[in-house]
Structure formats: structure tokens, C-alpha cells
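Here is the structure we will look at, set down as C-alpha cells.
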Amino acid sequence: MAGGSDGSRTRMQAQVVELCEPLVRYASPGGARIRLGVNTAHHDDAAAELEGYARPLWGLAPLAAGGGEFAHWDLWARGLAAGTDPGHPEFWGEIGGFDQRQVETAAIGFALALAPERFWDPLSGRERDRVGRWLASSLDRETPGNNWNFFPVLVGLGLDRVGYAHDREARHARLDRLEGYALGDGWYADGDTEQRDYYIPWAMHFYGLIYAALAGGQDPRRAERFRERAARFAMDFRHWFADDGSAVPFGRSLTYRFAQGAFWGALPYAGVDAVPYGEARSLLVRHLEWWRARQASTAPEGVLSIGYGYPQPLAAEQYNGPASPYWALKAFLPLALGPGHAFWTAPEQSPPELPAVSVQPQAGAVLMRSGGDVTLLSGRQHNTWARGGAAKYAKFAYSTRFAFSVPSGDLGLLHGAYDSMLAVSDDPGDEPLHFRVRETPLDPHIDQDGTIRSTWRPWPDVEITTWLAPAGAWHTRTHRITTARPLFTAEGGFAIDRDGGLRVQECAPGSALAVSAAGDLSGIRDLGAPLREARILTPLPATNLLAPRTALPTLTAPLPPGTHTFHTAVLAASPETAPSWQTPPPLRAR
């Protein structure tokens, strides 16, 4: 029974230990700082090394609360004492406003709330006073107007648990602000932004459910609202996961990897059974196993790297320090539930057969399911401040099987790696170097049939309206381009793994097809006339999030000034499910 009905609890406990044990050799003598490499994030080294100490607590605290074993509890207790001592050489520094330290205090507050016997009780009275004073100093610091408002709330929950006096009422203003971000259908905005990404499940809902579980007795109405929103959101979010457990790579902070699935463990922790517990466990376990199968690539020498499918600095944000990926350990929250909890004992239940198309207006997205894979069509979202924001939000499509690519430079198609994009250039000549892509969709609209429309303007005198529509294993794109200047255009399909060579590589007028050594298929076709030139490009390495080296079927064409329309069909499929390449979907009139 200790491992749950299928042993998944035991495996998850072992995985936390497996991910945290290698960190011990990087710890400072006092245990307060864990330095996993050179810090190139925008915050200082002390904050980055605090990050190395604190982020593993997202997994270690539930492990401790659920009675799991770990040989180094004393290191984290000693580190807490040293890091909060202004007289100690490993002091983390005072907490300022808009400070990375605020982010990490949340993990410490969470640990004190779940397992004070491991992290608080071993400390002396003087050490406890210093810890409490340092954490409490964060409660009134200014934060960005987004999910950061939850961090002082989690600190307060930890101080509640250990009995350290603080202003308990101050949290309600922050919680009111957070609830002001609520949208319909269980969705939130992460502040004043168009982003609807994984920060909704792994931050807004995750923290709200922790609050509901730990403070619901004192704040029952708010706790119930958090639970109700999460239950509704779950109905949409289950569509983001493929049958093999992978989640759609989309948005920023993807180096947090299996935090993508943390929501499925937070639901039972807060007692939300909108998704049956056996199904929630199946979703989480499949997701963790998908990542575990890639651990040799994602965690060389046992330490999680910055990247997604492999170490890839190009995928990082400016705030990702060396230990940043350990937010992934949020996925282990249900370890705090005892072995007799229904989450562990309920018979495993596969998710129900989901419809082929899920229209999600709050996200401005359409989720397509074919052959167990998932493709997300995007038409609303954008991000202009995160590194590679256009690639992470504003491409036309994102796939669980093929992921997406980020640019490695700005000189030409090979640097840009413009998969699932229409790249346009006003450079003279046949091989332009400077391209623009959709960055900020204007006037987005989504129909009930799954058609997404948006307009974008790469230059003031160039307007492009794009329609995206699901079509079984395919999706279609229509672009209406009105330009006052000559343009060169390049439209990409999905980037495909080219390691081991391509089994098929075909180009004909208006048609480009590539089949990988493993049999995965990526193709792009003109559905209208005139037919564009077809190419198979080889973007620079380490641009795609899953495949280090890729091939990219692409259609190119020069355009004179005037109004032009492209009709495109794009296919991406596994070898088991690839339909006939010779039967593209019919042209949709626009």
C-alpha cells in the first residue's frame, strides 16, 4: 500500500531523491547556497544560489510531509539557518521589491507549512527568530502585478504553521488582487497580459489550490472559489496532454519541464475531484514517465539543465539561473498525501476519449488531437519581452511530437528557424537576410468551428490577415497579404529530426515533404495558385526544443506590391498515423 495501488507513489518518492541527491555536492559548507554553474540571469549570484537551495523544496517538502526518506534533511535545515543570518558569509541578502529572493521565499514558506519538523524544528530559538524575521520582511515588499502576489501568501502560510507572529490580514489584499485576474471557464490572466500559458496551471491554480488546502478553514469562500475555478480549468487543460504523457511545448519558462503536469497533483491535494483521482494520477504519472525517459538528455550527471529536451541555453529566459529548472519539482506535491489517500488507491483510469478539436477562447487557442498527438493552433497570444517571445507564443502551431524552434540569430532563414511561421522580408535579392514574423496579433477572433483569425503588420504599409483551421491530422492556413512594397516570403511547416538522415526528402512546385529516420512525417503544400518554390531547409543546430538537428519543409515566393492570398495545408504525423500525403484537405474559401 505504501506505493499506492500501482507503485506510483514509491516511484515518485524515488524520483525526488534521485533529482535532489546530486545537488548535495554543489552545496556550500553552511548549506545555504547551491551553485550549479555560472549565473547568467539578470539577478545577482546570491539570489541564484538561494534559488539552488530553495527550488528543490518544492519536491522535498511534500516528500517529508508524506513520510518519505532523504539522507540530507540536515543540510537544508542548516542552510535555512545560515542563509537568513546577516552575520553568516552565506547570507542570502535582504529582500527588496521586485526581487528574485521574493520568488524563492515562496518555496521556503511552503516547506515550513508542510514539514516544519524537518526544516524548522531542528533550529535553535535564535535561528528561528532570524528565519522568521527574514521571511516576514518580504510580506510588504512590492511585487509585479501577476502571480508574484502569491509568494507573500505562501510565506504567510509557513509562518502560520510555525507560529511566528506577522500581519495575517495583509494577505487578503494580495489574494483579492489575484482573484481580480480571474477570467471565464476557470482561466486566469497572469496580470495585465495576453499570455495564457503554463503560468496559469503551475502558478495561479497551483498556489490557489495550496491556499485552499492549508487556509480553507479560515477563508472558506475564497478557497471554494479557487477549487471551483480549478475544476473548470481542468476540463480545458486535459486537452494539452498527448496520449504518451507529453504536454504541448508553448510559452516561456519551458525549462521548468514537468511542472507542466503539477496541476494534476494539486487538484487532489486540495480535494478537487472534478477529474477522477485515478485519471488525475494517470495524467501526472504518464507525464513524469515521459520526462523520466529523457532524463539522460535533460539532466546530464543527474542535474537538471537549462533547456527542454536537452541542454539548450537558447530556450532560456533572462531570469533563468542555473538552478531555475528545479521548479519542475512542483509536480511532486501529491507526495504530501498519505498512501491511503484515494489519489493513490483509486484504480488507474485513462482519460476519456477526447474530441478531435477543443476550442478554448480564453487562451485564444484550438487544440487538435490526432493519433494521440496534440497540436495547438495559436492566434491571440504574444510576448515581446521574454527572450524569443514571438517564437514561444505567436507561431501558428505548436506540437507535442515536433515541439517548436527558437531563433539562433537574425541573418537568414537558417538562423531564424521559422517553423510554423510566415517570415517576410523587404531585403532586395533572392536570398534576403532580415525577416519579420507575426509578433503581436491584432483583432484576434476564434470561431466555434475552430478557425482562428488574426491580423498582423510587419511594417506600417504591409498588412497580413491569417486564418488557421484544424483539418484532421492536417491544419490549414490562409494568408491575405496587402503590401505597398516588394516582399520575399517563406512559410515553414514543422521542424523534424534529421539525425540519422531523412528517409524521404521530396520537393516539387508547391510541395515539400520530409520523413525522419524514425518515420515521422512533416510536410507543407500549396492549396492555391501560383505554386510557391519548395525547399527543405536545415536550420542551425540547437534551435528546436526536442531535436538538436532538424529539417524544415518550407515554401518561398517573392511578391510584388499588391494584394495576394496564400492557401496552405500543413501535415505533421507519426509513422503510425500519417494519412496519405497525396490527399490534402480541401481548400476553404476566405
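- A salt bridge is absent between Asp236 and Arg196; no separation between the charged side-chain nitrogens and carboxylate oxygens falls under 4.0 Å.
- For the pair Arg525 and Trp581, the cation-pi criterion (under 6.0 Å, within 45° of the ring axis) is fulfilled.
- A distance of 11.5 Å separates CE in Met421 from OG1 in Thr466, rounded to the nearest 0.5 Å.
- Between His43 and Tyr319, a ring centre-to-centre spacing not shorter than 6.0 Å is recorded.
- Between Arg535 and Glu533 a salt bridge is recorded (basic side-chain N to carboxylate O distance below 4.0 Å).
- Checked against a 6.0 Å centroid threshold, the rings of Phe250 and Tyr393 count as neighbours.
- A salt bridge links Glu194 with Arg380: the closest approach of a Lys/Arg side-chain nitrogen to an acidic carboxylate oxygen falls below 4.0 angstrom.
- Residues Arg292 and Glu18 are paired through a salt bridge, judged by an N-O separation under 4.0 Å between the basic side chain and the carboxylate.
- A ring-centre distance under 6.0 Å is not found for His287 and Phe258.
- Within the 6.0 Å centre-distance limit, the rings of Phe396 and His479 are counted as a close aromatic pair.
- Electrostatic pairing of Arg453 and Asp443 counts as a salt bridge here, judged by a charged N lying under 4.0 Å from a carboxylate O.
- The aromatic ring centroids of Trp202 and Trp58 lie 6.0 Å or more from each other.
- Distance alone, capped at 3.5 Å, places no donor-acceptor pair between the Ser305 side chain and the Gly307 backbone.
- Contact check on Asp461 versus Arg485 returns a salt bridge, with a Lys/Arg side-chain nitrogen under 4.0 Å from an Asp/Glu carboxylate oxygen.
- Side chains of Trp385 and Glu317: a donor-acceptor N/O pair is absent below 3.5 angstrom, by distance only.
- Put simply, the side chain of Lys395 gets close to the backbone of Asp419: a donor and an acceptor are under 3.5 Å apart.
- Not one N or O on the side chain of Thr298 forms a donor-acceptor pair closer than 3.5 Å with the backbone of Gly309.
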### Task
Please step through side-chain contact (heavy atoms from CB on, under 4.5 Å) for the pair Thr568 and Arg532, ending with a clear verdict.
CA-CA 10 Å; Thr568 311; Arg532 287 169 279 175; 2.8 Å; yes
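- Glu463 has a carboxylate O that lies under 4.0 Å from a charged side-chain N of Arg457, or vice versa, which qualifies the two as a salt bridge.
- For Phe404 and Phe494, the gap between ring centers reaches or exceeds 6.0 Å.
- Each of Tyr199, Tyr181, Phe233 was compared with Trp187 under the ring pair (Phe, Tyr, Trp, His ring centres under 6.0 Å) criterion, and only Phe233 meets it.
- At least one side-chain heavy atom of Glu491 sits less than 4.5 Å from a side-chain heavy atom of Ile524.
- For Phe237 and Phe263, the ring centers are positioned less than 6.0 Å apart.
- Salt-bridge annotation for Asp244 and Arg286: absent, with no side-chain N of the basic residue lying under 4.0 Å from a carboxylate O of the acidic one.
- Here Trp291 and Tyr308 bring their ring centres to under 6.0 angstrom of each other.
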